[in-house]
Amino acid sequence: MSQENRQKIKLLKLYELLQQETDEQNPMTTMMIIDRLESLGISCDRRTLAKDIAVLNEDGYEIMDCRVGKEKGYYIEDRSFSVPELKILIDAVQAASFITEKKTAELVDKLANLGGSHSAEILKSNMVCFNTRKHSNETIYYTIGTLEEAIQQQKKVSFRYYDLNEKGQKVYRKEGGVYVTEPVALVFNEDNYYLVVYNSKYENTTSYRIDRMASVELVDEFVSDKAFLVREEVGCYADQMIKMYGGRTEEITIQFDGKLMGAVYDRFGEDTKMLRITPELCAATVTVQVSPTFWGWIFQFGKMMRITAPAAMVEEYKAKARDLL
């Protein structure tokens, strides 16, 4: 790049330098900035630097100044994300099983650097890698991009879907046949990412794990009007499911030990209406999708929780208990 062109991007490089390497605790002195710019082939002196800072401030970039010993220092205080906000986002990325180890590392770097180099150093030094159950599908980003494009354009998508066998090898469903579906929404649920689709034949919804998809392609065919309308109901649909495992919808009453109130709130939301039956027992009426994962959830509490209504669900609950025994 010629000297003339380097000077043209002077303000850009100056702002990038301050954005990445300064904050209130780490200002850069005038001479430090001049030296860094000159190392990039951009000439600068004290007088022109002060004018450049003034131009940036006039345009609303808010570059602060302070005294650093006998010199004047500059820093950027306001950032898009604070350190606690970035910490929450980084932990969320680490917790998400569908993001591979490689993509996790890349995302963590990008998020940490949003706070500047000093904040990035703090975030990375305090980071604990706590999720060792990361999946291996490296095409996850491309899959999400294609699915989001299909949802925005209200188009169908095709894909192949697989499970893993005892050796961790892919075993495709439908003998490798292609699924053609009407995508409704992408839903993050209990560490995994799912595609919720509408089934016109059965007039219901189902879900697929995105990390188990392959050969995902956009189909040049619009989804049905019903699929578009169902999107508004996805929030309720996800609330009723456990681990996105579908099933028929039932309104049930559960009776449980008061010690399990937290578990019920966690599962069905903090607006769940509860009734205190005795000093030790509570009850709540909730809507669920009856599935193997639902039965797994309720049986984990043993005698501390049981279904009390409706009668058909009570009988099904007893039959499941007998089968388990």
Rounded to the nearest 0.5 angstrom, the CG-CZ distance for Leu195 and Arg209 is 13.5 Å
Heavy-atom closest pair (Ile252 atom, Val288 atom, distance to 0.1 Å) is CD1-CG2, 4.1 Å
query: If two hydrophobic side chains count as joined below 4.5 Å and joins carry through other members, does Phe299 share a cluster with Val286?
result: yes
By salt bridge (charged side-chain N to carboxylate O under 4.0 Å, His left out), Lys259 pairs with (sequence neighbours left out) none
Using atom types as modelled and distance alone, determine if a side-chain donor or acceptor of Thr48 lies under 3.5 Å from a backbone N or O of Cys44. no
Rounded to the nearest 0.5 Å, the OH atom of Tyr15 sits from the CD1 atom of Ile53 at a distance of 11.0 Å
In terms of heavy-atom contacts, Val93 and Thr104 come closest through CG1-CG2, 4.1 Å
*With the side chain counted from C-beta on, respond yes when Met213 and Ile140 share a heavy-atom pair under 4.5 Å apart, and no when they do not.*
no
Ignoring hydrogens and geometry, is there a side-chain-to-backbone donor-acceptor pair from Thr30 to Lys72 under 3.5 Å? yes
Side-chain donor-acceptor pairs under 3.5 Å in residues 309-325, sequence neighbours left out?
from, atom 1, to, atom 2, distance (Å)
Glu316, OE1, Arg248, NH2, 2.5
Tyr317, OH, Met305, O, 3.3

Check whether any side-chain heavy atom of Met64 lies under 4.5 Å from a side-chain heavy atom of Tyr74, and answer yes or no.
-> no
> Should we count CD of Glu270 as having more than 12 external heavy atoms under 6.0 Å?
Replying inline: no
Can you list, pair by pair, the side-chain donor-acceptor contacts under 3.5 Å of residues 273-283, counting residues two or more places apart and other chains?
from, atom 1, to, atom 2, distance (Å)
Lys273, NZ, Asp271, O, 3.4
Arg276, NH1, Pro279, O, 3.0
Thr278, OG1, Glu280, N, 3.2
Thr278, OG1, Leu281, N, 2.9

Taken in chain and number order and not counting sequence neighbours, the residues that satisfy side-chain contact (heavy atoms from CB on, under 4.5 Å) with Met28 are Leu17, Glu21, Thr22, Met32, Ile33, Arg36
Run the salt bridge (Lys or Arg N to Asp or Glu O under 4.0 Å) test on Lys10 and Asp52 for me, step by step, so that the C-alpha distance in whole Å, both residues' side-chain angles and the decisive distance to 0.1 Å come before the verdict. CA-CA 9 Å; Lys10 180 181 179 183; Asp52 291 336; 2.8 Å; yes
Can you see whether Tyr161 has Arg173 sitting over its ring - NZ or CZ less than 6.0 Å from the centre and within 45° of the normal? no
Under a 4.0 Å threshold between the charged nitrogen and the carboxylate oxygen, would Lys155 count as salt-bridged to Asp220?
yes
### Query
Can Gln20 and Glu16 be counted as having a side-chain donor-acceptor contact under 3.5 angstrom?
no
| message | More than 12 heavy atoms of other residues, nucleotides or ligands under 6.0 Å from CG of Asp225: yes or no? | response | no
To the nearest 0.5 Å, atom CZ of Arg46 lies from atom NZ of Lys51 at 15.5 Å
The single option from Thr272, Thr253, Thr308 that satisfies side chain to side chain donor-acceptor pair (under 3.5 Å) with Thr285 is Thr253
Would you indicate whether the side-chain heavy atoms of Tyr162 and Val171 approach each other to under 4.5 Å? no
Show every donor-acceptor pair shorter than 3.5 Å between a side-chain atom in residues 174-188 and any protein atom, with sequence neighbours excluded, or say none if there are none.
from, atom 1, to, atom 2, distance (Å)
Lys174, NZ, Val178, O, 3.3
Glu182, OE1, Ser224, N, 2.7
Glu182, OE1, Ser224, OG, 2.8
Glu182, OE2, Ser200, OG, 2.4

| said: Please check this pair: side chain of Thr100 against backbone of Lys103, looking for a donor-acceptor N/O pair closer than 3.5 Å. | reply: yes
Residue pairs meeting salt bridge (charged side-chain N to carboxylate O under 4.0 Å, His left out), one or both in residues 296-309, sequence neighbours left out, come to none
ask   = Any side-chain heavy-atom pair from Met261 and Phe256 closer than 4.5 angstrom?
value = yes
dist Gln94:CD -> Ile90:CD1 (nearest 0.5 Å) comes out at 8.0 Å
d(Leu14 CG, Leu49 CG) to nearest 0.5 Å is 6.0 Å
One should read off an interatomic distance between Tyr75 OH and Glu62 CD, to the nearest 0.5 angstrom, of 11.0 Å
- Item | Donor-acceptor under 3.5 Å (Asp211 side chain, Phe98 main chain) | no
Query raised in the report: Between Tyr208 and Tyr194, is the ring centre distance below 6.0 Å?
Result: no
*Are Trp297 and Phe268 close enough that their ring centres sit under 6.0 Å apart?*
yes
Is a donor on one side and an acceptor on the other found under 3.5 Å between the side chain of Asp257 and the backbone of Leu260? no
